[in-house]
Number of protein chains: 2
Amino acid sequence: MPRPPAPVEGEKSTRERILDVALELFTHAGYEAVSLREIAQRMNFTKAALYYHFSSKDDILLALHLRLHELGRAGFEDLEADLADPDRWPAAFDLIVATMLANRTLFLFHLRNHSAVERLGPHHDNAEHADLRERLRSILADETVPIELRVRLTCALGAIVGGFVLGGEVFAGLSDDDLGRMVRAAIGDLTGAPARVSAEPPAGGG
Amino acid sequence: MPRPPAPVEGEKSTRERILDVALELFTHAGYEAVSLREIAQRMNFTKAALYYHFSSKDDILLALHLRLHELGRAGFEDLEADLADPDRWPAAFDLIVATMLANRTLFLFHLRNHSAVERLGPHHDNAEHADLRERLRSILADETVPIELRVRLTCALGAIVGGFVLGGEVFAGLSDDDLGRMVRAAIGDLTGAPARVSAEPPAGGG
DNA sequence: GTCTATATTTCGATAGAC
DNA sequence: GTCTATCGAAATATAGAC
């Protein structure tokens with residue numbers, strides 16, 4: 001199989017630029033609906049040239065999936081512990097909100113291409129639970145935590161996704177900063193209510 | 001054996017059974033990834049037979065999309081007015097939660113095949129804003145409503161989707177009734193907090 | 001590293017028998 | 001209403017020139 005070129009300092013490699021184009025196209029139209037010809041066209045070269053950088057179309061999908069893996073290793077080491085304790089939810093959700101806001105497209109890509117990425121699963125058993133989604137599932141399956149709290153967790157995560165995906169689509173004039181603040185306030189109320197039985201009342205947006 | 005296909009009263013038509021199969025396959029694997037051959041195989045007849053019931057693959061997708069349209073006509077006449085006024089949110093969300101819970105697969109199908117359905121858009125201009133999603137967008141674009149409330153609206157809708165999709169996937173042992181109740185409680189906290197700034201305080205119960 | 005050209009497969013869709 | 005057979009288009013992927 002072909003080997004990618006050495007990355008140049010300061011500039012994005014062709015491989016990364018292909019991934020950027022693929023990320024946008026896959027996110028907007030869906031993985032299966034996007035042909036390599038389209039990607040090549042956007043890169044201003046031909047379809048065959050892509051095979052120098054990637055061994056297959058699935059390989060591009062996998063590379064994009066791995067971007068999410070790396071994101072998971074960035075700062076979510078204590079995710080399980082944080083989410084298992086409502087007192088630590090504010091900090092955990094702040095991190096999640098900030099991460100999702102800064103990588104909105106990547107998460108949207110994952111949401112929209114859930115099935116395609118899932119189909120890739122059995123191939124990359126390099127890491128056991130490095131995937132954020134896998135770790136999340138194990139948290140939600142933890143019966144030590146009351147089911148009410150775990151359901152609220154899914155609602156909170158859905159609220160973030162909804163606020164960013166749906167909101168980011170409709171409220172085009174809104175800055176990331178403002179949107180993030182409003183979503184965080186909403187999450188605060190959603191998660192603060194069950195937490196206040198053991199912690200302080202929620203504060204307003206900053 | 002001489003067995004003519006019996007169109008018995010009270011039984012689902014072949015067309016509807018095809019749609020049921022397509023709904024499941026499209027939801028699980030994605031529209032573009034599912035071939036007519038797969039659908040036909042599940043129906044125990046051949047690919048060509050599908051063309052007696054549907055004029056194209058897109059026609060199947062459209063028919064499934066129309067199921068959501070019908071759902072929209074069921075009881076969402078006052079949706080715009082209800083969602084524009086935070087005081088009326090509880091009733092509106094109760095209806096939305098109940099509807100989404102009862103038609104979880106259909107909504108999940110729509111979520112997972114968002115791009116494919118969207119691509120179908122320009123073809124069926126029969127109704128202006130019959131689509132629930134279109135109506136929702138117009139609500140979210142209504143600048144009469146403060147942006148904070150509209151963002152909360154997107155969060156609330158996301159919370160419902162998250163609770164049902166993610167929750168329904170992980171909490172398999174949980175009944176629809178219990179899940180619906182917990183999600184409704186979460187939505188109540190999420191939507192009750194902003195309501196108190198412009199109206200009376202939320203009911204302390206829960 | 002990118003090109004032209006082509007191999008191979010699969011898909012959506014049609015025609016016509018029964 | 002379902003079948004067999006097949007068409008044409010488009011997709012992924014490969015081979016080899018430059």
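Every chain is numbered from 1 and lettered A, B, ... according to where its sequence line falls, protein lines coming before strand lines.
Remark: C1' of D:dA11 and CG of A:Leu61 are 16 Å apart, rounded to the nearest angstrom. Taking atom NZ on B:Lys47 and atom C1' on C:dC11, their separation rounds to 6 Å, with Å as the unit. In this structure, CG of B:Leu36 is placed 11 Å from P of C:dT14, rounded to the nearest angstrom. One atom, CD1 of A:Ile39, and another, C1' of D:dA13, lie 14 Å apart when rounded to the nearest Å. Note: CD (A:Gln41) to C1' (C:dC3) measures 16 Å, nearest angstrom. As rounded to whole Å, 20 Å separates atom P of D:dT14 from atom CZ of A:Arg37.
Residue A:Thr46 is in base contact, counting any heavy-atom pair closer than 4.0 Å across all strands shown.
A salt bridge links A:Asp178 to A:Arg181: at least one charged side-chain nitrogen sits closer than 4.0 Å to a carboxylate oxygen. Electrostatic pairing of B:Arg88 and B:Asp78 does not count as a salt bridge here, judged by no charged N lying under 4.0 Å from a carboxylate O. Salt bridge present: A:Arg67 and A:Glu16 bring a charged side-chain N and a carboxylate O closer than 4.0 Å.
Here the side chains of B:Phe26 and B:Ile60 are in contact, with some heavy-atom distance below 4.5 Å.
The environment of NE2 in B:His28 is sparse: at most 12 heavy-atom neighbours from other residues, nucleotides or ligands sit within 6.0 Å.
Proximity of residues 48-59 of chain B to DNA chain D (heavy atom under 4.0 angstrom from any strand atom) is restricted to B:Ala48, B:Ala49, B:Tyr52, B:His53. Listed by residue number, the members of residues 15-34 of chain B with any heavy atom below 4.0 angstrom from DNA chain D form an empty set.
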Residues A:Asp177, A:Ser175; criterion side chain to side chain donor-acceptor pair (under 3.5 Å); working and verdict: CA-CA 5 Å; A:Asp177 229 47; A:Ser175 73; 5.8 Å; no
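Between the side chain of B:Arg135 and the main chain of B:Phe76, a donor-acceptor pair closer than 3.5 Å is present. Not a single donor-acceptor pair under 3.5 Å links the side chain of B:Lys47 to the backbone N or O of B:Ser35.
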